[in-house]
Protein chains: 2
Amino acid sequence: MKEGPDIAYIAALIGDPARANMLTALMNGKALTATELAAEAGVTLQTASSHLAKLQDGGLLRLRRQGRHKYFSLADSGVAAVLESLMGLAAGAGHLRTRTGPKDLALRTARVCYNHLAGDMGVQVFESLMDRKYLEFRGDELCLSPAGAAFVADFGVDLDGLARIRSPLCRECLDWSARRSHLAGKLGRALLSRFAGLGWARVDKKTRIVHFSPEGEKGFRAMFPVPRTAPID
Amino acid sequence: MKEGPDIAYIAALIGDPARANMLTALMNGKALTATELAAEAGVTLQTASSHLAKLQDGGLLRLRRQGRHKYFSLADSGVAAVLESLMGLAAGAGHLRTRTGPKDLALRTARVCYNHLAGDMGVQVFESLMDRKYLEFRGDELCLSPAGAAFVADFGVDLDGLARIRSPLCRECLDWSARRSHLAGKLGRALLSRFAGLGWARVDKKTRIVHFSPEGEKGFRAMFPVPRTAPID
DNA sequence: CAAATGCTTCGATTAAGGTCGAACTATGAA
DNA sequence: TTCATAGTTCGACCTTAATCGAAGCATTTG
């Protein structure tokens, strides 16, 4: 019999409530210190220290030292993808930790997932781009078409700059609130930062909610219209 | 303070080595019995039973009862997606375990399941009858249509005799080699016995293999042609 | 009917690991 | 230097749950 596969090891790491809280807190893409993460998880500092060491050993966290601080962040977007899909499963099975509230609605509408836009508006970006054939699948890979490249360049995204970073340009990420995909990868990140740069939206780092201004919402609707016919799920 | 889905609960379910083994064994889409899953996980049957109950409570597994067997399969593609992304994270060694079902090709082709025909040829009977609307679902129940009754009567099955026995005439039975359904119930039993009566096939009681004669195979293909388009699973 | 098979429940044991108090190290500031 | 802050290590407690033997159901077979 094979030894316990690594999948159990990783899942067990996420499976502790305190660690799961820490990881969820890091889903906004920002790095947090050990003390901050201890507060997020609701445990003492020494307990948090032990958890963080385990998460780092498991390769789920990346560490940056700055003076006497230790800043932790998710190791990569793959970790974020796992967390996001886990949220989808848990939400679908009805395992919500708290009742739904107004904050929940805002989270469902627009939130930060790692470093890109998620929620209904994130899904809308993805589907709008897919509908116009700006994004397309080539085999398993999600690609930006020439027309799509022109579109995002015109929108103000520096594609040449992105090309220098060696990680996937476009990636699909499963949304836990809507059960559709939204756009992740370098392009997803660039689009969110462009929304911020245009003054369309600002990110509440605490709650992960993305607040759109009235003008921002208007511009967003113009640039990313919903497809006429809703795609079959 | 905490909002969002309870990912720790789901992750902890996957985080136990025995359960992770079971889930990975189900990744090929086939349904397995509790006993088979116990062997996959390397635990005793009673331990497996406890694990399976937990996985089912967590909404990760779907159950189909089949006589005294319980066939478990992944609840939906979302579960598979989580498992796959977890495997991606556990980057190291690509543990791709391909556990096959029946060891013998003959068993996979045609065998006795209780008292009716199973294996590829059993599936073929079922799908051929469904395709011609000889069998149809009314709600959850599988029924023989009037045209179907005429067909099987013409084939030499004594339907009046079957009507006297008080058990379902048609039943769906999950095939353990193909993941499709084949025909069980009184009609399934009657068809197999008709095959034997016609000299088309004989049953090896020891191995459960059903051996078709060349003429039998020819007649079988004529009576139960494969549907032109394979049904989507 | 009795025997066999597939699975569940009960109970006791045992191992793992999450938790925090207290003491310790390391960095930075006055 | 001394003090303060950030984080780690140690040790002890304690909850959780994984495990299997044995007995109990449920279904099918003969």
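Chain A is the first sequence line, chain B the second, and so forth, proteins listed ahead of strands; every chain is numbered from 1.
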| Which nucleotide in the list D:dA6, C:dC7, D:dC20 gets nearest to the side chain of B:His69? | C:dC7

| request: Using modelled atom types only, decide if a donor and an acceptor are shared between the side chain of A:Ser85 and the backbone of A:Ala81 within a distance under 3.5 Å. | output: yes

[X] [atom1] to [N] [atom2], straight-line distance once rounded to whole Å:
X        : N      : atom1 : atom2 : answer
B:Leu55  : D:dA18 : CG    : P     : 10 Å
A:Glu36  : D:dT5  : CD    : P     : 16 Å
B:Arg64  : C:dG6  : CZ    : C1'   : 18 Å
B:Arg19  : D:dA18 : CZ    : C1'   : 9 Å
B:Leu63  : C:dG6  : CG    : P     : 16 Å
A:Asp16  : C:dG17 : CG    : P     : 11 Å
B:Lys186 : D:dT28 : NZ    : P     : 15 Å
A:Leu61  : D:dG7  : CG    : P     : 14 Å

| request: Identify, with sequence neighbours excluded, every residue that meets salt bridge (charged side-chain N to carboxylate O under 4.0 Å, His left out) alongside B:Glu215. | output: none

With sequence neighbours left out, what residues match [X] under side chain to side chain donor-acceptor pair (under 3.5 Å)?
X        : value
A:Arg189 : none
B:Thr33  : B:Glu36
B:Arg132 : B:Ser128

Applying side-chain contact (heavy atoms from CB on, under 4.5 Å), name anything that partners [X], two or more places apart in sequence or on another chain.
X        : result
B:Ala149 : B:Leu144, B:Leu159
B:Thr47  : B:Val43, B:Thr44, B:His51
B:Leu63  : B:Gln56, B:Arg65, B:Lys70, B:Phe72

| task | Give a yes/no on whether any side-chain N or O of A:Thr44 is located under 4.0 angstrom from OP1 or OP2 of C:dC20. | result | yes

| said: If you compare every side-chain N and O of B:Lys70 against the phosphate oxygens of D:dA26 (OP1, OP2), does one of them come in below 4.0 Å? | reply: no

| Under the ring-ring contact (aromatic ring centres under 6.0 Å, His included) test, which residues partner A:His116, sequence neighbours left out? | A:His182

| message | My understanding is that only residues two or more places apart in sequence, or in another chain, count here; which of them pass ring-ring contact (aromatic ring centres under 6.0 Å, His included) with B:Phe220? | response | B:Phe195, B:Phe212, B:Phe224

| message | Using a 4.0 Å cut-off on heavy atoms, which residues in residues 45-54 of chain B reach DNA chain D? List them by number, or say none. | response | B:Gln46, B:Thr47, B:His51, B:Lys54

Nucleotide N/O of nucleotides 23-29 of chain C paired with protein N/O under 3.5 Å:
from: C:dT27; atom 1: O2; to: A:Arg68; atom 2: NH1; distance (Å): 3.3

| message | Using every non-hydrogen atom in the two residues, find where A:Thr24 and A:Met87 come nearest and quote the distance to one decimal. | response | CG2-CE, 3.5 Å

What pairs of nitrogen or oxygen atoms, one from the protein and one from nucleotides 12-14 of chain C, lie under 3.5 Å apart?
none

